[in-house]
K.L.:
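What follows is a single structure, and I will ask about it in a moment.
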Number of protein chains: 2
Amino acid sequence: MTIKQTYGIGELAREFDVTTRTIRFYEDQGLLSPRRRGQTRIYTPADRVVLKLILRGKRLGFSLAESRDLISLYQPSSDNRHQLDALLNKISEKREQLDQQLRDIQGMREHLDDAELRAREAMRQLADNAETFKE
Amino acid sequence: MTIKQTYGIGELAREFDVTTRTIRFYEDQGLLSPRRRGQTRIYTPADRVVLKLILRGKRLGFSLAESRDLISLYQPSSDNRHQLDALLNKISEKREQLDQQLRDIQGMREHLDDAELRAREAMRQLADNAETFKE
DNA sequence: CTAGCACTTTACGTTTACGTAAACTTCCCT
DNA sequence: AGGGAAGTTTACGTAAACGTAAAGTGCTAG
């Protein structure tokens, strides 16, 4: 075998550092739908990818609903023209949102650069004062 | 005068497209502390900047507590060495988080590229079918 | 066989970030 | 003077995203 075919819920929980409760909650919200062996949930590599996408969305502040949308973008179950147009519009919107986030990140980085400079400056002052007392 | 010196709450609310309730809530959480003229809140340009920072944080999925931290980074009220070290550590952590977000955004962009390709492909299929029926 | 671990469902609890309604006060306008 | 428009406080309500406890099932190692 090349890759493990299935995963248990605890296994995934450990790998992605979430609780099993969280994974079940995502299923409850219609984001995951693993197979069952009896009562027990069996996750496929595809399920694992979906979970990964959800968590990536979370890191960017996306709601589960938004992540669900983003994931469903990948399966153009859309069969008519109108649906596809709507899809392309959504994609375009998301792109703009990501661009805004890029700008925000850049802004934050500058903010952090400033903060670091100020902190280092404050430390220099401390060092200077110590020097003064020594001499 | 060059720039307006003060702002009313409604004014800021309109400018940033939030409700006055939201702005008062931020004050309640210790993120803003505008002057008062009687009961009425008077916001300075500095307050306005803070609000801007909060909203930028929100767009990146930061909690108000995180934004409060980020903003306070800018005023190194820290007076001793230990505090400053902690500050630099926080800055470093935030930087890593932003880097992770950058990677996530890149991943999402590729995801969107894929989705768009698939959607356009699906549309081509529709067009082709229409063609078939015509001839 | 039973102890223990991982899994299950059900359901109430919690935090964050506001929404919304009620009941004022203040100011401005006609 | 009277009535909006915009401000205020107080307080209960709500959606999202889980946490947490209770009570039960199922396998497996000793």
Side-chain angles (χ1 to χ4, degrees), chain A residues 4-44 47-48 50-72 94 97 101 104, chain B residues 4-44 47-48 50-72 94 97 101 104:
Chain A
K4 206 172 182 188
Q5 297 295 20
T6 65
Y7 311 87
I9 192 169
E11 205 171 346
L12 286 181
R14 270 187 305 278
E15 177 176 0
F16 294 110
D17 194 33
V18 296
T19 67
T20 59
R21 173 68 176 91
T22 296
I23 297 180
R24 290 196 195 95
F25 178 72
Y26 293 160
E27 178 175 349
D28 211 57
Q29 301 301 302
L31 291 162
L32 288 170
S33 24
R35 291 167 25 224
R36 300 283 186 127
R37 190 170 46 201
Q39 292 252 83
T40 305
R41 293 165 173 83
I42 307 291
Y43 297 87
T44 69
D47 291 324
R48 187 173 160 281
V50 169
L51 180 53
K52 225 170 173 172
L53 294 179
I54 297 170
L55 298 177
R56 189 177 68 186
K58 275 197 60 176
R59 287 193 300 271
L60 291 175
F62 286 50
S63 72
L64 294 185
E66 285 175 312
S67 284
R68 182 159 28 85
D69 281 10
L70 272 173
I71 292 165
S72 69
K94 287 296 171 187
Q97 186 181 345
Q101 288 192 307
D104 288 333
Chain B
K4 205 172 184 188
Q5 299 295 18
T6 65
Y7 311 87
I9 192 169
E11 205 170 347
L12 287 181
R14 272 188 304 278
E15 177 176 1
F16 294 111
D17 195 33
V18 295
T19 67
T20 59
R21 174 68 176 91
T22 296
I23 297 180
R24 290 197 194 95
F25 178 72
Y26 293 161
E27 178 175 350
D28 211 57
Q29 301 301 303
L31 290 163
L32 288 170
S33 24
R35 288 167 27 223
R36 300 284 184 126
R37 190 171 48 202
Q39 291 253 85
T40 305
R41 293 166 173 82
I42 307 290
Y43 297 88
T44 69
D47 291 325
R48 187 173 160 283
V50 169
L51 180 52
K52 227 171 173 171
L53 294 180
I54 298 170
L55 298 177
R56 188 178 67 185
K58 275 197 58 176
R59 287 193 299 272
L60 291 175
F62 286 49
S63 72
L64 294 184
E66 284 175 312
S67 284
R68 181 157 31 85
D69 281 10
L70 272 173
I71 292 165
S72 70
K94 287 296 171 186
Q97 185 180 346
Q101 289 191 306
D104 288 334

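Naming: A, B, ... by sequence-line order, numbering from 1 per chain. All values below come from the heavy atoms of this structure, side chains included, with hydrogens, waters and symmetry mates left out.
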K.L.:
In this structure, which one of B/Leu55, B/Thr44, B/Leu32 forms a side-chain contact (heavy atoms from CB on, under 4.5 Å) with B/Val50?
P.N.:
B/Leu32
K.L.:
Quickly work out the B/Gln39 CD to D/dA5 P distance and round it to whole Å.
P.N.:
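Distance check: B/Gln39 CD to D/dA5 P gives 22 Å.
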K.L.:
I need the CG-P distance between B/Leu31 and C/dA17, as an integer number of Å.
P.N.:
9 Å
K.L.:
Would you kindly give the CG-to-P distance between B/Asp17 and C/dC18, to the nearest whole Å?
P.N.:
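Interatomic distance, CG of B/Asp17 to P of C/dC18: 12 Å.
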K.L.:
Answer yes or no: are there more than 12 heavy-atom neighbours, outside B/Arg37 itself, under 6.0 Å from its atom CZ?
P.N.:
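No, because the 6.0 Å sphere around CZ of B/Arg37 holds 12 heavy atoms or fewer from other groups.
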K.L.:
For C/dT8 and A/Arg41 - does any side-chain N or O of the residue sit under 4.0 Å from the phosphate oxygens OP1/OP2?
P.N.:
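It does, given that an N or O in the side chain of A/Arg41 lies less than 4.0 Å from OP1 or OP2 of C/dT8.
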K.L.:
Are A/Arg24 and C/dT8 close enough that a side-chain N or O sits under 4.0 Å from OP1 or OP2?
P.N.:
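Answer yes for this pair, as a side-chain N or O of A/Arg24 is under 4.0 Å from OP1 or OP2.
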K.L.:
Between C1' on C/dT25 and CZ on B/Arg36, what's the gap in Å once rounded to a whole number?
P.N.:
14 Å
K.L.:
By the definition side-chain contact (heavy atoms from CB on, under 4.5 Å), identify the one residue from A/Arg56, A/Arg68, A/Gln97 that meets it with A/Phe62.
P.N.:
A/Gln97
K.L.:
Could you check A/Ser63 against B/Gly10 and say which one's nearest nucleotide on DNA chain D is further toward the 5' end?
P.N.:
B/Gly10
K.L.:
Does A/Tyr26 place a side-chain N or O at less than 4.0 Å from the phosphate oxygens OP1/OP2 of D/dC18?
P.N.:
yes
K.L.:
C/dC7 P sits how many Å from A/Ile42 CD1, rounded?
P.N.:
10 Å
K.L.:
At less than 4.0 Å, is any side-chain N or O atom of A/Lys58 found next to OP1 or OP2 of D/dA17? Yes or no.
P.N.:
no
K.L.:
For the side chain of B/Phe25, counting heavy atoms from C-beta on, which of C/dA17, D/dG19, D/dC18 is nearest?
P.N.:
C/dA17
K.L.:
Take the protein atom CG of A/Leu12 and the nucleotide atom P of C/dC7, then report the distance between them rounded to whole Å.
P.N.:
10 Å
K.L.:
Does a side-chain N or O from B/Arg21 land closer than 4.0 Å to OP1 or OP2 of C/dT20, or not?
P.N.:
no
K.L.:
Which pair of non-hydrogen atoms, one from B/Glu27 and one from B/Arg41, has the smallest distance, and what is that distance?
P.N.:
OE1-NE, 2.6 Å
K.L.:
Can you check the A/Ile54 CD1 to D/dA16 P distance for me, whole Å?
P.N.:
16 Å
K.L.:
Please state whether the phosphate of C/dA17, meaning OP1 or OP2, lies under 4.0 angstrom from any side-chain nitrogen or oxygen of B/Thr22.
P.N.:
no
K.L.:
Indicate yes or no for a side-chain donor-acceptor contact from A/Gln29 to the backbone of A/Leu64 under 3.5 Å, with no hydrogens or angles considered.
P.N.:
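No; judged by distance alone, with no hydrogens or angles, the pair does not exist.
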K.L.:
Remember a base hit wins even if backbone is also touched, and classify A/Thr20 as base, sugar-phosphate or nothing at under 4.0 Å, heavy atoms.
P.N.:
nothing
K.L.:
May I ask you to verify if any side-chain N or O of B/Thr40 is less than 4.0 angstrom from the OP1 or OP2 atom of D/dT8?
P.N.:
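So the side chain of B/Thr40 is outside the cut-off, no N or O lying under 4.0 Å from OP1 or OP2 of D/dT8.
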K.L.:
For A/Asp28 and D/dG19, give me the distance from atom CG to atom P, rounded to whole Å.
P.N.:
14 Å
